[in-house]
Protein chains: 2
Amino acid sequence: MLPLEKNQAIDTLEYSAEVLKAIAQPTRLRIIELLRDGEHCVCEIFPAIGHEQSNTSRHLQTMLKSGILNQRKDGLKIYYSLRHPEVLEIVQLAGLIAAHEATERAARFAK
Amino acid sequence: MLPLEKNQAIDTLEYSAEVLKAIAQPTRLRIIELLRDGEHCVCEIFPAIGHEQSNTSRHLQTMLKSGILNQRKDGLKIYYSLRHPEVLEIVQLAGLIAAHEATERAARFAK
DNA sequence: ATAGTATATGAGTATTTAGTCATACACAGT
DNA sequence: ACTGTGTATGACTAAATACTCATATACTAT
């Protein structure tokens with residue numbers, strides 16, 4: 001998210017869209033799932049999700065700027081954690097919809 | 001969402017991301033809000049949101065393909081409606097996060 | 001100071017996205 | 001058949017996205 005000074009007129013709609021966009025990506029969903037059990041540093045995350053360190057760092061920055069992550073520096077390492085439990089609820093709801101659609105399509109395919 | 005035949009191996013993660021991406025856009029959020037009170041045709045939606053008919057139609061197609069909308073044809077008009085109540089829950093949760101972030105930033109700015 | 005480790009970021013690329021304008025398509029009424 | 005209305009879509013553009021490689025930055029330990 002951009003600095004406040006440049007975006008004082010940004011409305012809740014745009015803000016909500018930015019938050020959702022920060023979640024709506026497979027790699028970032030994987031990271032969110034990883035963070036479900038608490039904070040992790042980049043060095044733990046990027047091997048776990050099978051992406052480059054730089055790519056992982058960028059995704060974390062995206063989520064950090066959107067406001068859905070916290071950052072904690074400890075020496076060399078930087079630990080990220082989920083800032084809002086609502087994010088997990090959103091992921092869960094999206095999973096419900098996805099599962100429902102998947103079974104519907106499977107049924108349609110079987111006909 | 002792409003036709004099933006070409007995507008049998010698509011996993012829930014990708015599916016969830018697609019659903020969330022279909023929601024995570026300001027214009028589409030406006031449309032979703034409009035559909036909160038029931039089905040509307042394109043001819044009602046595009047003047048309400050202040051976008052072109054073609055643009056509105058494209059957004060509706062995006063959401064339809066992702067599986068979050070229903071479509072009902074009635075003569076010339078095509079009515080769209082929300083297919084999953086969970087979509088409204090997701091929008092509400094995103095709004096909570098956005099509101100929280102907005103007040104945090106306002107406070108930080110006031111310091 | 002030097003070397004090593006963890007993270008962020010500049011620069012580049014390929015793809016996707018949101019939008020526009022013009023046009024095609026589908027259905028209704030005459 | 002013709003006209004009009006509602007919707008979808010082809011073609012295009014500008015901007016954003018996800019990714020890579022290389023490099024810079026920040027901190028630690030020796």
Q) Counting just side-chain N and O atoms, does A:H59 come under 4.0 Å of either OP1 or OP2 of D:dC19? A) yes
Q. Within less than 4.0 Å of OP1 or OP2 of C:dA18, is there a side-chain N or O belonging to B:R28?
A. yes
Q: Could you state whether B:L88 and B:I49 fall into the same hydrophobic cluster, counting links through intermediate Ile, Leu, Val, Met, Phe, Trp or Tyr residues with side-chain heavy atoms under 4.5 angstrom apart?
A: yes
Q. Is A:S54 side chain donor-acceptor paired with the D:dC21 base, going by distance under 3.5 Å alone?
A. yes
Q. Rounded to the nearest Å, what distance is computed from the CD atom of residue A:Q61 to the C1' atom of nucleotide D:dT25?
A. 13 Å
Q: Send over the distance from B:I49 CD1 to C:dA18 P, rounded to a whole Å.
A: 12 Å
Q | Rounded distance (Å) that lies between atom P of C:dA8 and atom CG of A:L69 | A | 11 Å
Q | Whole angstrom value for the distance that separates C1' of D:dT5 from CD of B:E44 | A | 14 Å
(Q) Does C:dT20 have its OP1 or OP2 closer than 4.0 Å to a side-chain nitrogen or oxygen of B:N55? (A) yes
(Q) Return whichever of A:D74 or A:Q25 has its heavy-atom-nearest nucleotide of DNA chain D closer to the 5' end. (A) A:Q25
Q) Is there a donor on the side chain of B:R58 or the base of C:dT20 sitting less than 3.5 Å from an acceptor on the other? A) yes
Q) Could you state the CD1-P distance from A:I45 to C:dT7, rounded to the nearest angstrom? A) 8 Å
Q. With a 4.0 Å cut-off on heavy atoms, is B:Q53 in touch with a base, just the backbone sugar-phosphate, or nothing at all?
A. base
**Q.** B:E101 to A:G67 - nearest heavy-atom pair and separation
**A.** OE2-O, 3.2 Å
Q. Could you state the CG-C1' distance from A:L60 to C:dT7, rounded to the nearest angstrom?
A. 10 Å
Q. Looking only at side-chain N and O atoms, does A:T27 come under 4.0 Å of OP1 or OP2 in D:dC19?
A. yes
Q | Shortest non-hydrogen contact from B:L64 toward B:N70 | A | CD1-C, 4.3 Å
Q) When all nucleic acid strands are considered with a 4.0 Å heavy-atom cut-off, which category describes A:Q71: base, sugar-phosphate, or nothing? A) sugar-phosphate
Q: Starting from P on D:dT25, measure out to NZ on A:K73 and report it in whole angstrom.
A: 14 Å
**Q.** Given A:E52, A:H51, A:R58, A:Q53, the one that forms side chain to side chain donor-acceptor pair (under 3.5 Å) with A:N55
**A.** A:H51
Q: Would you mind classifying the nucleic acid contact of A:Y80 as base, sugar-phosphate or nothing, using non-hydrogen atoms under 4.0 angstrom?
A: sugar-phosphate
Q. Looking for any heavy atom pair under 4.0 Å, which part of the strands does B:Y79 touch: base, sugar-phosphate only, or nothing?
A. nothing
Q. According to a strict under-4.0 Å criterion, is A:K21 in side-chain N/O contact with OP1 or OP2 of D:dT17?
A. yes
**Q.** Side-chain donor-acceptor contact under 3.5 Å, A:Y80 with A:Q61
**A.** yes
Q) In terms of side-chain geometry, is the basic nitrogen of B:E33 or B:R36 positioned less than 4.0 Å from the acidic oxygen of its partner? A) yes
Q. Want to settle it: does A:L76 or A:E52 sit nearer the 5' end of DNA chain D, counting the closest nucleotide to each?
A. A:E52
Q) Over how many whole Å does the gap from A:E39 atom CD to C:dT7 atom P extend? A) 12 Å
